[in-house]
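The analysis underlying the following values was restricted to heavy atoms, covering all of them including side chains, and did not include hydrogens, waters or symmetry mates. Atoms within a ligand are numbered from 1 in the order they appear, just like the ligands themselves. Nothing here was measured: the structure is a model prediction, and the numbers come from that model.
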Amino acid sequence: MDGRVLGLDGVTVRRGKAELLSGIDWSVREGERWAVLGPNGAGKTTLLNVAHTQLHPTEGRVEVLEERVGAVDVFELRAMVGYAGAAVAARVEEGTTALDLVVSAAYGYVGRFREEYGSPDLGRARSLLGHWGVGDLADRTFHTLSEGERKRVLIARALMSDPELLLLDEPAAGLDLGGREDLVRRLGKLALNEDSPSLVVVSHHVEEIPAGFTHALLLREGSAVAAGPLDEVMTPDLLSETFGLTLKVERDGERWTARAA
Ligand SMILES: Nc1ncnc2c1ncn2[C@@H]1O[C@H](COP(=O)(O)OP(=O)(O)OP(=O)(O)O)[C@@H](O)[C@H]1O
């Protein structure tokens, strides 16, 4: 056991002539909290789809929870990995309540109410919704929720199966300032709890890195610019190279800001 909950070795993803990811080597170890940062089109969502075994690389090797993807049942593996992102939101059918959406994760689908739900599952789903501040919205249909409310429901859903690895694709996208700060604070609490799963959060903004995060992977045009502990990676030079403009980067306690220099 090397404690590697996610391992990518030489991962390349090609679609036609486009190279979406180019030779990515990346390891996430137990207990680490990673931010994946990069501009639009850098390959962040593609990377998360590879990590969630939804997409197979053209080249390279992927290990999730120390199992080689391709050699084991991906459905068993996916049950141990929580994922929240636009890809899940897009699959939610009209009329699905927040509670249905969360509890259905325990049964491996995105879905409407089914008779088979056990009351411990329903209780856990309600408790997770409450924990993420949307308990009173459990019976509302997902499509009537605000963007900020949806994001929290999707995170509650991703945690439903008590995963060992949690992947969140742009959890703060589309939120107003108050909504963003509330979500970043909640993610910080999650990150600081040692019982939480290993975490990977994709974002465009250094301001969205929560307290308690330990590492960052910087992506540009499908390649890793840098990967490692936050203090080593969050430098003006590396972030400027990643985003393609000269940046001034500041740290205030556990939070970061960046702006054009
Ligand atoms: N099936 C495909 N065929 C060709 N190009 C693709 C395909 N899917 C994605 N791409 C391209 O791959 C690149 C990486 O996409 P990806 O969604 O992973 O980036 P991202 O970093 O998540 O971007 P954003 O921050 O805008 O969400 C983009 O330029 C996108 O247009």
For this session: Kindly state if atom 31 (O) of ligand 1 has a protein heavy atom within a strict 4.0 Å cut-off, that is, under 4.0 Å?
Result: no

Problem set entry | E181 vs R185, salt bridge (Lys or Arg N to Asp or Glu O under 4.0 Å): CA-CA, chis, key distance, verdict | CA-CA 6 Å; E181 287 303 296; R185 188 178 54 79; over 6 Å; no

For this session: Indicate whether the side chain of E207 and that of H205 have a donor and an acceptor atom separated by less than 3.5 Å.
Result: no

Problem set entry | Minimum-distance protein heavy atom relative to atom 1 (N) of ligand 1 | R15 CG, 3.8 Å

Exercise. Looking at atom 19 (O) of ligand 1, what's its closest protein heavy atom, distance included?
Worked result: G43 N, 3.2 Å

For this session: Please indicate, with yes or no, if any protein heavy atom is found under 4.0 Å from atom 14 (C) of ligand 1?
Result: yes

For this session: Over all heavy atoms of both residues, which pair between S240 and L247 is shortest? Give the atoms and the distance, please.
Result: OG-N, 2.9 Å

Problem set entry | Nearest protein heavy atom with distance in Å, relative to atom 17 (O) of ligand 1 | T45 CB, 3.7 Å

For this session: Please work out whether the ring planes of H215 and W34 are parallel, tilted or perpendicular, with thresholds of 30° and 60°.
Result: parallel

Problem set entry | Residue-ligand contact G222/ligand 1, heavy atom below 4.0 Å | no

For this session: Indicate yes or no: does an N/O atom of L20 lie under 3.5 Å from an N/O atom of ligand 1?
Result: no

Exercise. Among all protein non-hydrogen atoms, which one is nearest to atom 26 (O) of ligand 1, and what is the separation to 0.1 Å?
Worked result: N40 ND2, 2.9 Å

Exercise. Going by the atom numbers of ligand 1, which of them fall below 4.0 Å from some non-hydrogen atom of P39?
Worked result: 21 (O)

Problem set entry | Electrostatic pair E19:R14 at N-O distance under 4.0 angstrom | yes

Exercise. Hey, quick one: are L218 and L245 part of the same hydrophobic cluster, counting side-chain heavy atoms closer than 4.5 Å, chains of contacts allowed?
Worked result: yes

For this session: Among all protein heavy atoms, pick out the one at the shortest distance from atom 23 (O) of ligand 1; state its residue, atom name and that distance to 0.1 Å.
Result: G41 N, 2.8 Å

Problem set entry | Numbered atoms of ligand 1 (with element) below 4.0 Å of A42, judged on heavy atoms | 19 (O), 20 (P), 21 (O)

For this session: Evaluate the criterion side chain to side chain contact (heavy atoms under 4.5 Å, CB included) for residue pair M234 and R251; output intermediate values, then yes/no.
Result: CA-CA 9 Å; M234 297 288 288; R251 181 177 191 160; over 6 Å; no

Exercise. Which pair of heavy atoms, one from D121 and one from M160, lies closest together, and at what distance?
Worked result: O-CE, 3.3 Å

Problem set entry | Nearest non-hydrogen protein atom, atom 27 (O) of ligand 1 | E170 OE2, 3.4 Å

Exercise. What residue and heavy atom of the protein are closest to atom 25 (O) of ligand 1, and at what distance?
Worked result: H204 NE2, 2.5 Å

Problem set entry | Identity and distance of the protein heavy atom lying nearest atom 18 (O) of ligand 1 | T46 OG1, 2.5 Å

For this session: Say whether V184 and L168 are linked into one hydrophobic cluster, either directly or through other cluster members, by side-chain heavy-atom distances under 4.5 angstrom.
Result: no

